[in-house]
Amino acid sequence: MEQSKENQVYRMVVQLTRPKNILQLFNHCTDNVHALCDYLPDGGHILVCNPIDRHPPCEHSTPKLHTRTGRREDILKELSALGEQYDMVFIDATEENPINYYNLIMSGNMLRMNGVICLQNASTSGQEGIDDEMGFTSRKVTDVIKADARMQQVELAIDCGILVARRIPLSQITDRTKGVVEDGVFQGLKGHGILDRLQLDGKIAYVTGGGQGIGRAFAHALGEAGAKVAIIDLVLEKAEAVAHELYLKGINTVAMAADISQEKDVKRVVDEIVANWGRIDIACNNAGINMNSASEDTTLEEWDKTFNVNLRGLFMCCQAAGRVMLSQGYGKIINTASMASLIVPHPQKQLAYNTTKAGVVKLTQTLGTEWIDRGVRVNCISPGIVDTPLIHSDALKPLVTSWLADIPAGRLAQVTDLQAAVVYLASEASDYMTGHNLVIDGGQSLW
Ligand SMILES: NC(=O)c1ccc[n+]([C@@H]2O[C@H](COP(=O)([O-])OP(=O)(O)OC[C@H]3O[C@@H](n4cnc5c(N)ncnc54)[C@H](O)[C@@H]3O)[C@@H](O)[C@H]2O)c1
């Protein structure tokens with residue numbers, strides 16, 4: 001079925017602004033509302049408010065579509081008292097009381113910051129079927145919204161006119177009576193609110209061991225936050241597969257093969273990233289291995305191999321990326337340590353692994369203090385037991401039940417549990433943090 005231009009605009013606005021909760025104050029409870037529901041994320045909903053006298057209640061409720069029937073002003077007051085907020089509100093300018101709706105929404109703080117109001121019938125003059133009174137009401141509410149310094153608007157000459165207005169933070173405080181402190185807390189640091197400060201737009205990142213498990217999740221998280229990400233792995237095919245996933249999400253990426261225990265490989269990938277992208281802002285040194293053996297049986301070969309990847313290799317990566325970052329005067333190094341740096345995980349035996357991870361923490365603390373005054377922050381993340389291929393070995397798999405008894409959270413970590421931490425440590429929001437070991441273990445190290 002062909003859609004009206006107006007509905008096409010609404011759908012486009014919904015797709016662009018990705019609202020979670022929508023409030024619909026005009027009667028549009030048919031295909032268009034259902035179509036809008038399709039764009040909402042899980043947990044999102046559209047609330048359609050229908051007046052009793054004019055419109056029948058919506059007959060097509062779905063988990064994402066809720067309806068309320070009654071005086072719209074009463075419904076708005078009730079919703080406001082409940083503290084409800086919306087990312088998008090649809091109002092018809094030819095309704096009886098559109099200014100009342102608008103005022104109730106704004107005074108009740110029901111439109112989230114950056115939330116959008118779509119005003120239908122915003123310029124009705126000369127339109128068929130619109131009487132003078134309707135035309136007057138429509139002009140008045142349009143003018144009120146246009147004159148509101150809290151809103152940024154664009155008027156579209158489609159059908160009977162659509163005013164799309166976005167709520168923006170006030171750049172100037174007009175009311176100083178309530179003791180507003182106009183500092184970085186109120187206005188955001190350099191004008192950037194906390195979510196903006198987590199953005200990594202334009203940053204250049206790499207992730208070692210990015211071909212699977214935790215590294216793959218880190219690569220996705222950094223890319224989603226805006227960074228270009230080089231995926232480095234021992235196995236090129238794995239790096240390529242993850243790079244392809246990122247590409248499908250519109251993230252700039254490259255796959256690189258390297259054994260980070262080899263100095264020439266580390267130098268090569270760091271040089272290549274700088275040659276291609278000009279700099280390195282975020283170095284995620286994550287590749288690591290774990291070979292289990294009782295200490296009395298641990299061979300020097302196993303010891304050396306574990307140290308060569310987990311500690312010597314990680315040091316070479318820190319040094320190579322660190323040199324680039326020191327010359328830039330800016331950088332974020334994020335090493336993957338482990339809860340094994342704090343406790344001795346059991347019943348499995350993993351002396352070499354535990355010792356390397358304790359070393360990663362000390363290396364992180366030392367570099368973190370040595371380089372902070374030149375703009376390079378070095379931190380590490382210590383995951384608890386994460387459900388990745390690393391713990392799916394024949395030796396470790398049978399131990400899951402005994403581990404669970406030691407985890408207050410009652411479950412293993414998923415790689416997604418770690419993603420926010422890497423974005424935080426990579427972002428300017430964590431600029432004052434250095435040499436820190438960020439433990440994410442469901443409470444396991446506390447028991
Ligand atoms: N899985 C856990 O329970 C857990 C817990 C705490 C810490 N960690 C740490 O997290 C990091 C990632 O672990 P994971 O569970 O995702 O492991 P994983 O084995 O699932 O993935 C590791 C990736 O690193 C790559 N890799 C291995 N050696 C490499 C080398 N020399 N050079 C380049 N790439 C190499 C592998 O090919 C693989 O793709 C490791 O440092 C690990 O010690 C894991």
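Every number for a ligand or one of its atoms is a count from 1 in the order of the listing.
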**Message:** Against Ser293, only a single residue in Glu302, Gln350, Lys349 fulfils side-chain hydrogen bond (donor to acceptor under 3.5 Å, both in side chains); can you say which?
**Reply:** Glu302
**Message:** Distance under 4.0 Å to a non-hydrogen atom of Gly288: what atoms of ligand 1 satisfy this?
**Reply:** 40 (C), 41 (O)
**Message:** So that I can tick it off, tell me whether Arg411 and Asp417 are bridged by a salt bridge, with the cut-off set at under 4.0 angstrom between side-chain N and carboxylate O.
**Reply:** yes
**Fill in**
For atom 32 (N) of ligand 1, the closest protein heavy atom turns out to be Ile260 N, 3.0 Å
**Prompt:** Can you tell me the protein heavy atom closest to atom 24 (O) of ligand 1 and the distance?
**Reply:** Gly209 CA, 3.2 Å
**Item:** Pair Asp265 + Arg268: basic N to acidic O under 4.0 Å
**Value:** yes
**Message:** Any nitrogen or oxygen of Ile214, side chain or backbone, less than 3.5 Å from one on ligand 1?
**Reply:** yes
**Request:** Hey, can you tell me if His66 and His45 have their rings parallel, tilted or perpendicular (30° and 60° cut-offs)?
**Result:** parallel
**Asked** Of all heavy-atom pairs between Asn109 and Gln85, which one has the smallest distance, and what is that distance?
**Response** O-NE2, 2.7 Å
**Identity and distance of the protein heavy atom lying nearest atom 40 (C) of ligand 1** = Asn286 O, 3.2 Å
**Shortest protein contact, atom 2 (C) of ligand 1 (heavy atom only)** = Val386 N, 3.5 Å
**Request:** Tell me which protein heavy atom sits closest to atom 1 (N) of ligand 1, plus the residue, atom name and distance to 0.1 Å.
**Result:** Thr388 OG1, 3.1 Å
**Message:** Distance check, rounded to the nearest 0.5 Å: Met113 atom CE versus Arg167 atom CZ?
**Reply:** 4.0 Å
**Prompt:** Do NZ/NE/NH1/NH2 and the carboxylate oxygens of Asp87 and Arg112 come within less than 4.0 Å?
**Reply:** yes
**Message:** At under 4.0 Å between heavy atoms, is it the side chain or the backbone of Ala413 that contacts ligand 1, or both, or neither?
**Reply:** neither
**Complete:** One finds that the ligand 1 atoms under 4.0 Å from a non-hydrogen atom of Ala258 are 32 (N), 33 (C)
**Prompt:** What part of Ser382, side chain, backbone, both or neither, has a heavy atom within less than 4.0 angstrom of ligand 1?
**Reply:** neither
**Message:** Would Gly384 count as a contact residue for ligand 1, given that I'm defining contact as a non-hydrogen atom of the residue lying under 4.0 Å from a ligand atom?
**Reply:** yes
**Prompt:** Which bit of Met339 gets closer than 4.0 Å to ligand 1, counting heavy atoms only: side chain, backbone, both or neither?
**Reply:** neither
**Request:** Specify the protein heavy atom at minimum distance from atom 34 (N) of ligand 1: its residue, its atom name, and the distance to 0.1 Å.
**Result:** Leu234 N, 3.1 Å
**Message:** Counting non-hydrogen protein atoms only, what is the nearest one to atom 9 (C) of ligand 1? Give residue, atom name and distance.
**Reply:** Thr336 CG2, 3.6 Å
**Prompt:** Which atoms of ligand 1 sit under 4.0 Å from any heavy atom of Ile385?
**Reply:** 3 (O)
**Message:** Suppose I only count heavy atoms of Pro389 and a 4.0 Å limit; which atoms of ligand 1 are within that range?
**Reply:** 20 (O)
**Fill in**
Per side chain to side chain contact (heavy atoms under 4.5 Å, CB included), Met316 is matched among Gln262, Glu263, Lys267 by Glu263
**Fill in**
Tightest non-hydrogen contact, residues Lys20 and Asp42, listed as CE-O, 4.1 Å
**Message:** Please check whether Ser338 reaches ligand 1 - meaning an N/O of the residue sits under 3.5 Å from an N/O of the ligand, judged on distance alone.
**Reply:** no
**Complete:** If we number the atoms of ligand 1 from 1 as shown, the ones under 4.0 Å from a heavy atom of Ala287 are 34 (N), 35 (C), 41 (O)
**Fill in**
dist Asn310:CG -> Ser338:OG (nearest 0.5 Å) comes out at 9.5 Å
**Asked** Is the closest side-chain heavy-atom distance between Ile391 and Leu412 below 4.5 Å?
**Response** yes
**Prompt:** Which atom names give the shortest non-hydrogen contact between Ser261 and Asn308, and what distance separates them?
**Reply:** CB-O, 3.3 Å
**Request:** Report, in ascending order of atom number, the atoms of ligand 1 lying under 4.0 Å from any heavy atom of Ile391.
**Result:** 3 (O)
**Prompt:** If only atom types and distance count, is the side chain of Glu428 paired as donor or acceptor with the main-chain N or O of Arg197 below 3.5 Å?
**Reply:** no
**Asked** Between Lys357 and ligand 1, which residue portion shows a heavy-atom distance shorter than 4.0 Å: side chain, backbone, both, or neither?
**Response** side chain
**Asked** What atoms in ligand 1 come closer than 4.0 Å to a heavy atom of Lys238?
**Response** 37 (O), 38 (C), 39 (O)
**Prompt:** Numbering the atoms of ligand 1 from 1, which are under 4.0 Å from a heavy atom of Gly213?
**Reply:** 16 (O)
**Request:** Could you tell me whether Asp259 and ligand 1 have an N or O pair separated by under 3.5 Å?
**Result:** yes
**Request:** For Leu367 and Cys318, work out which heavy atoms get closest and say how close.
**Result:** CD1-CB, 3.7 Å
**Message:** Counting non-hydrogen protein atoms only, what is the nearest one to atom 20 (O) of ligand 1? Give residue, atom name and distance.
**Reply:** Gln212 NE2, 2.8 Å
